[in-house]
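All heavy atoms count here, side chains included; hydrogens, waters and symmetry mates do not.
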Amino acid sequence: QVQLVESGGGSVQAGDSLRLSCAASGRTFSMYVMGWFRQAPGKEREFVATISRGGGSTAYADSVKGRFTISRDNAKNLVYLQMNSLKPEDTGVYYCAARNNFILGSRSFEYDYWGQGTQVTVSS
């Protein structure tokens, strides 16, 4: 079992930066692939980024590539999402997720545990 708690969301202007954090419980954090997803009002949840168990491999949605960076600190049971050059279309609730597998995942059903989400609002 893994419990995930996101933090770091807020309201910012277009072009600003935010860093989201996700704190995970449990001693086996390093055994999980981690991912970030987001959901805008009236839209389906979509993939943002994922990172391998050791942090050496990452993957991003095309819409955030070059602006967002996912990273993790296994010693602290934390995963981060650094978001730069934010756009209004980045607005949504951002969710941290854990996948009990060694393969990176970009689809919601591939993840086993989810946090409650943190709101990010970007105004123009």
Side-chain angles (χ1 to χ4, degrees):
Q1 287 277 351
V2 177
Q3 292 185 327
L4 304 171
V5 179
E6 302 94 336
S7 61
S11 296
V12 297
Q13 299 287 320
D16 286 350
S17 298
L18 275 177
R19 189 176 80 158
L20 305 183
S21 299
C22 173
S25 65
R27 300 180 179 178
T28 58
F29 174 70
S30 62
M31 298 301 293
Y32 292 87
V33 164
M34 299 299 296
W36 285 97
F37 290 76
R38 67 187 181 189
Q39 188 166 18
K43 295 187 176 181
E44 293 187 353
R45 191 173 298 187
E46 65 173 0
F47 167 73
V48 175
T50 183
I51 188 166
S52 62
R53 296 185 297 182
S57 295
T58 58
Y60 298 90
D62 287 343
S63 59
V64 306
K65 203 171 292 183
R67 299 188 298 122
F68 290 12
T69 302
I70 187 172
S71 61
R72 67 191 295 165
D73 185 337
N74 285 344
K76 296 181 179 180
N77 282 17
L78 289 168
V79 62
Y80 304 101
L81 185 68
Q82 177 67 44
M83 305 186 295
N84 298 329
S85 302
L86 282 161
K87 304 176 181 180
E89 51 263 44
D90 294 319
T91 293
V93 178
Y94 281 69
Y95 298 92
C96 173
R99 181 179 193 212
N100 191 5
N101 199 298
F102 65 94
I103 300 173
L104 299 182
S106 61
R107 294 169 289 184
S108 298
F109 69 83
E110 294 175 322
Y111 286 79
D112 303 290
Y113 304 100
W114 293 83
Q116 293 300 306
T118 185
Q119 176 71 44
V120 172
T121 303
V122 184
S123 56
S124 57

Does the side chain of Gln82 reach to within under 4.5 Å of the side chain of Ser17, using non-hydrogen atoms?
yes
Test item: Asn77 side-chain N/O and Ala24 main-chain N/O as donor-acceptor pair under 3.5 Å:
yes
Are Met34 and Thr50 side-chain neighbours, meaning at least one heavy-atom pair lies under 4.5 Å?
no
With sequence neighbours excluded, tell me which residues meet side chain to side chain donor-acceptor pair (under 3.5 Å) with Ser123.
Gln13
Just by distance, do the side chain of Asn74 and the backbone of Arg53 share a donor-acceptor pair under 3.5 Å?
yes
Determine yes or no for a side-chain-to-main-chain donor-acceptor pair under 3.5 angstrom, with Thr121 supplying the side chain and Thr91 the backbone.
no
Interatomic spacing from CG in Asn100 to OG1 in Thr28 - rounded to 0.5 Å:
7.5 Å
So do Cys22 and Trp36 actually touch side chain to side chain, heavy atoms under 4.5 Å?
yes
Please check: side-chain N/O of Ser52 versus main-chain N/O of Ser57, any donor-acceptor pairing under 3.5 Å?
yes
Just checking, Arg72 and Tyr32: is the charged tip under 6.0 Å from the six-membered ring centre and within 45° of the axis?
no
Take a 6.0 Å sphere around CD of Gln119 and say whether it holds more than 12 heavy atoms from other residues, nucleotides or ligands.
yes
Any donor-acceptor pair under 3.5 Å from Asp73 side chain to Leu78 backbone
no
Determine yes or no for a side-chain-to-main-chain donor-acceptor pair under 3.5 angstrom, with Thr118 supplying the side chain and Gly9 the backbone.
yes
Say whether, by atom type as modelled, one donor and one acceptor occur between the side chain of Arg38 and the main chain of Gly92 under 3.5 angstrom.
no
With heavy-atom distances below 4.5 Å as the criterion, would you say the side chains of Val120 and Leu20 are in contact?
yes
Taking NZ, NE, NH1 and NH2 as the nitrogens, is one of them in Lys65 or Asp62 under 4.0 Å from a carboxylate oxygen of the other?
yes
Answer yes or no: are there more than 12 heavy-atom neighbours, outside Gln3 itself, under 6.0 Å from its atom CD?
no
Tyr113 vs Gln1 side-chain heavy atoms within contact, under 4.5 Å
yes
Does the Arg67 side chain pair with the main chain of Ser85, one donor and one acceptor, at a distance under 3.5 Å?
yes
Among Tyr94, Tyr95, Trp114, find the residue that satisfies the ring pair (Phe, Tyr, Trp, His ring centres under 6.0 Å) test when tested with Phe37.
Trp114
I'd like to know whether Cys96 forms a side-chain contact (heavy atoms from CB on, under 4.5 Å) with Val79, so could you lay out the CA-CA distance, the side-chain angles of the two residues, the decisive distance to 0.1 Å, and finally the verdict.
CA-CA 8 Å; Cys96 173; Val79 62; 3.7 Å; yes
Taking C-beta and beyond as the side chain, do Val48 and Tyr60 meet within less than 4.5 Å on heavy atoms?
no
Are Leu86 and Phe68 side-chain neighbours, meaning at least one heavy-atom pair lies under 4.5 Å?
yes
ILVMFWY cluster, Val93 and Phe47 together (side-chain gap under 4.5 Å)
yes
Worked verdict on Tyr80 versus Thr69 for side-chain contact (heavy atoms from CB on, under 4.5 Å):
CA-CA 8 Å; Tyr80 304 101; Thr69 302; over 6 Å; no
Quick one: closest heavy-atom pair of Ile103 and Asn101, and the distance?
N-OD1, 2.9 Å
Let me check something: do Ile70 and Leu104 share a hydrophobic cluster, defined by ILVMFWY side-chain heavy atoms less than 4.5 Å apart, either directly or through other members?
no
Within this structure, what is the CZ-CD distance for the pair Arg107 and Glu46, rounded to the nearest 0.5 Å?
15.5 Å
Under 3.5 Å side-chain donor-acceptor pair for Tyr111 and Ser106:
no
